[in-house]
Amino acid sequence: QVQLVESGGGLVQPGGSLRLSCLVSQRKMTNYDMSWYRQAPGKERELVASITSSGTSTRYADSVKGRFTISRDTAKNTLYLQMNSLKHEDTATYYCKAVYTGFAGNQYDHWGQGTQVTVSS
């Protein structure tokens, strides 16, 4: 069973930067499509950024394009989210997600416990 542990959240001023990390254990991350989601109080969880298991394709929510960058270090089995030019509206709990697709096309989702990001002056 893959395990995901996020870190790197915290309090940052508007315009600042943070880098989130998601350590993947028990399985190689190259077997999974990986993504970052976030959920603000009273709102639904939303996709922020994703990267395919091959690492060749990334996707971003319109609200973070040009400010956030998803990347991975397969040697460290770690997923990252570099967040620049942070805004108040980026305040949320950020979750790492891993999706395994089986040979029959069935998918298995795995989530981390989340890390809090607060953007405030």
Side-chain angles (χ1 to χ4, degrees):
Q1 179 84 349
V2 66
Q3 295 182 356
L4 309 173
V5 179
E6 301 98 332
S7 61
L11 174 64
V12 63
Q13 292 186 342
S17 298
L18 280 176
R19 188 177 79 159
L20 306 182
S21 299
C22 173
L23 177 63
V24 182
S25 60
Q26 307 301 323
R27 296 289 187 273
K28 292 184 178 180
M29 70 183 307
T30 51
N31 292 327
Y32 298 84
D33 294 321
M34 303 289 300
S35 54
W36 288 98
Y37 280 73
R38 67 185 181 187
Q39 187 168 22
K43 295 187 177 181
E44 293 187 356
R45 193 171 294 190
E46 63 174 354
L47 175 67
V48 175
S50 63
I51 185 168
T52 55
S53 58
S54 64
T56 58
S57 180
T58 58
R59 185 165 61 118
Y60 296 91
D62 287 343
S63 59
V64 306
K65 280 181 182 177
R67 299 189 299 122
F68 290 10
T69 302
I70 189 170
S71 64
R72 67 182 191 175
D73 185 333
T74 55
K76 295 181 178 180
N77 227 30
T78 300
L79 180 73
Y80 300 102
L81 184 68
Q82 178 65 45
M83 305 185 295
N84 299 327
S85 303
L86 283 161
K87 305 176 181 179
H88 289 290
E89 51 263 43
D90 295 319
T91 295
T93 301
Y94 284 72
Y95 297 91
C96 176
K97 178 184 178 182
V99 179
Y100 178 80
T101 302
F103 291 110
N106 47 321
Q107 294 188 325
Y108 302 90
D109 294 353
H110 306 274
W111 293 88
Q113 83 290 348
T115 185
Q116 178 67 36
V117 172
T118 302
V119 184
S120 176
S121 53

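Reckoned from all heavy atoms, side chains included, excluding hydrogens, waters and symmetry mates.
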>> Using the ring pair (Phe, Tyr, Trp, His ring centres under 6.0 Å) criterion, which residues pair with Tyr37? Sequence neighbours excluded.
In response: Trp111
>> Does the plane of the ring in Tyr100 sit parallel, tilted or perpendicular to the ring in Tyr108? Use 30° and 60° as the thresholds.
In response: tilted
Within the 4.5 Å heavy-atom criterion, are [X] and [Y] side-chain neighbours or not?
X: Glu6; Y: Trp36; result: yes
X: Val24; Y: Met34; result: yes
X: Thr30; Y: Ser53; result: no
X: Thr91; Y: Gln116; result: yes
X: Leu47; Y: Ser35; result: yes

>> Against Thr115, only a single residue in Thr93, Leu20, Leu81 fulfils side-chain contact (heavy atoms from CB on, under 4.5 Å); can you say which?
In response: Leu20
>> Checking Gln107 against Thr101: is there a side-chain donor and acceptor pair closer than 3.5 Å?
In response: yes
> Do the side-chain N and O atoms of Thr118 and Ser120 include a donor-acceptor pair separated by under 3.5 angstrom?
Replying inline: no
>> Is there a side chain to side chain contact (heavy atoms under 4.5 Å, CB included) between Met83 and Tyr94? Walk through the geometry before answering.
In response: CA-CA 11 Å; Met83 305 185 295; Tyr94 284 72; 3.9 Å; yes
> Is Arg45 close enough and on-axis enough to Tyr95, meaning under 6.0 Å and within 45°, for cation-pi?
Replying inline: yes
> Could you state the interatomic distance from CE (Met29) to NZ (Lys76), rounded to the nearest 0.5 Å?
Replying inline: 12.5 Å
>> Rounded to the nearest 0.5 Å, what separates atom CG in Leu11 from atom OG in Ser121?
In response: 9.5 Å
> Salt bridge check: are Lys87 and Asp90 linked by an N-O gap of less than 4.0 Å?
Replying inline: no
